[in-house]
Enquirer: 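Just dropping this structure here.
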Amino acid sequence: MPPILEVRHLKKRYSSVEAVRDVSFSVPPGICFGLLGPNGAGKTTTLEIIEDIIPASGGEVLYRGQPRSRSFREEIGIQFQHTSLLSFLSVRETLETFASLFSNPAAIDDISRRCDLDTIAKQRNDRLSGGQRQRLTLALALINQPSLVFLDEPSTGLDPQSRRNLWSILRELKEEGRTLILTTHSMEEAEYLCDDIAIMDRGTIIASGSPRELIERHGGGSAIILPGHTPLQPLQGMNYSVRRSGGDIVIHTDHVHQGLKELIDRDIALPGMSIHNANLEDVFLHLTGRELRE
Amino acid sequence: MNLKRIWVVFKARNAEFFRDRAAFGWNFAFPLLIIIGFGLMFDGREFKRFRVGIFPPTAIEQGASEALPPTFLKDRHVIVVPVADREEGENRLSLHRIDLLVDGTSASGAYWMNSSSPNSSLAEKVYLSSYMVGKTPPQRGVTNGPQIRYIDWLMPGILAMNMMFSALWGIGYVIVRYRKNGTLKRLKATPLTAFEYLTAQMLSRIFLIIFTLLVIWVGSDLIFDFHIAGSPLLLLLVFILGGLNLCSIGLIFAARGTSEEFTSGILNFISWPMMFVSEVWFSLEGSSKIVQDFALLFPMTYLLRAARKVMNEAATFADVQGECLVLVTTTLVFLVIGALLFSWNE
Ligand SMILES: Nc1ncnc2c1ncn2[C@@H]1O[C@H](COP(=O)(O)OP(=O)(O)OP(=O)(O)O)[C@@H](O)[C@H]1O
Ligand SMILES: [Mg+2]
């Protein structure tokens, strides 16, 4: 199937930084495409160029094989990372206002129910909690029944229950045949939702593929996690990559058995230790030496 | 262009205006307070009155009617100020706190004036003329021109000033704030065009401006009983044209930028000269040609000239068509500039 979206050699330069340098990828219809990367990697900038919100310094974006036309706006939905809602309107009025701006809006009752806004329909925008706002901005992204939906960190600030609800909404959207492009800092989210992933760092894509491919290609093996208070000194000179990650110390190895033996030889205290299969987080560490969450 | 989209943005903006209680109240309270304040300050009557000090204070109550001409004390241009003695009176006179000092006990009506004060010489003339009573004065004619109080003259100025602030800040400042906080970005992500958006903002603002103006008018008319010499509808037309003009200036300042402080500074920079040069508070009659020519650069000048002609001099459309034409053409020019410069982002 021809891609619904194609991005070629995208560049964006601000006076002091090169936020995006030569980003290219394509997205087949009906999938969920994830853009991952640490803070400042250029994810939001990339999305907003594709959405035609900010101009690119170079490169091109093709929607269904064509340059974006006027009807592009009618067919895409956007949830911004940072946005402000019209002040002094209620949730319901906001939905009605935005619905009226499109020629083929969804039924407001459906959207309201889907995004769990019924109970706060009369609440004013400026009095919403963080999670309620997220639900409303998601609803605004879906109000025109878009075939391509951009979600910039949709789960940031949500409690675990709301996050699960969001995930089930996004899965439904995919089942309806819509294409999703999202950014996230959560590996769990990316592994659960995304069919295809691009990892960005410092304005470029440093790896891409399905979660499984990425892990096999770049992360394989296992990670041995030691509590953060473990002294680093005796770990020096080990044959594996040793890194601090959050509060922990992570040791990557293709041979768990061998690795553990070496730790015991060096007289390292093992209580509090755990072992897991390499995941996307490890892929990222491996590729950049940095963490996704800085 | 899509009328439905303009309509929903228009409605949303109006809702913001009517629901923002504090700003809403201030919109009416500010001009009303100014009008009432000035009305009271000038006692609802003439702007020019003279303060005449009389000593000793007892002379005012009893003996005064014998020593001083009664017509003078009752003159509506005169405010009588009791003064303890001559020394204090002269002191006040030299400080311009009174315009004339009269000895209430002097049979000949001895008085002192301040030769450095124009008001004092005028008061002196009023005083001396009261001694003419009984003698045959030179033949006198009275003009039948309308009796225009300062408040009648000031009223259109206050209304225009309020319109100016409402248009410049309600459009210029507010749109810059929307740009900064991302509201514009959210709207840009819809099929709404810049032209539709700006049209809705203009229409909403002019609607609110005229609504405010009518409320203020009715409110202050109850107190001061304004007299509109010309056609009220023509006056409304003049205010609508002026309002649109000020809104279009607001659009130019709304076109770019994300700094509210900077925009606010720029708006102050143009609104204050506009307020003084366009004769909101006082007439520039008799001021230098440079100032008068400078005033012609500001559209407010034309708005106020036309409004005062209609309100105070019963002008007809033919009399103010020149001003109206200037307002309409500059509005169109400003609109085009504002629309061309406009950016959703930065
Ligand atoms: N308007 C701007 N002017 C100048 N620099 C900018 C601007 N917007 C973004 N940048 C810079 O571009 C880089 C990429 O920013 P971007 O917002 O795209 O990152 P991100 O990957 O979305 O990060 P996060 O995970 O924190 O949201 C950053 O270094 C940022 O400082
Ligand atoms: Mg971002």
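Owing to the predicted nature of the structure, the values given are computational and were not obtained by experimental measurement. By convention in this document, chain letters (A, B, ...) are assigned in the order of the sequence lines, proteins followed by strands, and residues within each chain are numbered from 1.
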Enquirer: If you count heavy-atom pairs under 4.5 Å between each of A:Leu89, A:Ile53, A:Asp52, A:Thr97 and chain B, which one has the most?
Expert: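 Maximum pair count with chain B is reached by A:Ile53.
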Enquirer: Mind checking whether B:Val9 and A:Leu101 have side chains closer than 4.5 Å, heavy atoms only?
Expert: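 Yes, their side chains come closer than 4.5 Å.
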Enquirer: Please find the pair of heavy atoms, one from A:Thr83 and one from B:Arg186, that lie closest to each other, and give the distance.
Expert: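 Scanning both residues completely, I find the closest heavy atoms to be OG1-CB, 3.5 Å.
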Enquirer: Heavy-atom distance under 4.5 Å to chain B: side chain of A:Glu93, backbone, both or neither?
Expert: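 Just its side chain gets close to chain B.
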Enquirer: Could you pull out the closest heavy-atom pair between B:Arg19 and A:Phe88, with the gap in Å?
Expert: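 Minimum heavy-atom separation between B:Arg19 and A:Phe88: NH1-O, 2.7 Å.
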Enquirer: Identify which part of B:Asp20 has an atom lying under 4.5 Å from any heavy atom of chain A, answering side chain, backbone, both or neither.
Expert: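 B:Asp20 touches chain A through backbone and side-chain heavy atoms alike.
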Enquirer: So which bits of residues 188-204 of chain B come within less than 4.5 Å of chain A, counting non-hydrogen atoms only?
Expert: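 B:Lys188, B:Ala189, B:Thr190, B:Pro191, B:Leu192, B:Thr193 fall under the 4.5 Å cut-off.
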Enquirer: At a 4.5 Å cut-off on heavy atoms, which part of A:Ile143 comes close to chain B: side chain, backbone, both, or neither?
Expert: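 It is neither, since no heavy atom gets under 4.5 Å.
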Enquirer: With a 4.5 Å cut-off on side-chain heavy atoms, are B:Glu16 and A:Leu86 touching?
Expert: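 Side chain of A:Leu86 against side chain of B:Glu16, heavy atoms only: no contact under 4.5 Å found.
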Enquirer: Kindly give the heavy-atom pair with the smallest separation between B:Lys4 and A:Ser100, and that separation in Å.
Expert: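 Result for this residue pair: CE-O, 3.4 Å.
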Enquirer: How about B:Phe262: does its CZ atom have over 12 heavy atoms from other parts shown lying under 6.0 Å from it?
Expert: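 No, because the 6.0 Å sphere around CZ of B:Phe262 holds 12 heavy atoms or fewer from other groups.
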Enquirer: Is B:Val8 close to A:Phe98 at the side-chain level, that is, under 4.5 Å between some pair of heavy atoms?
Expert: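 They are not in side-chain contact.
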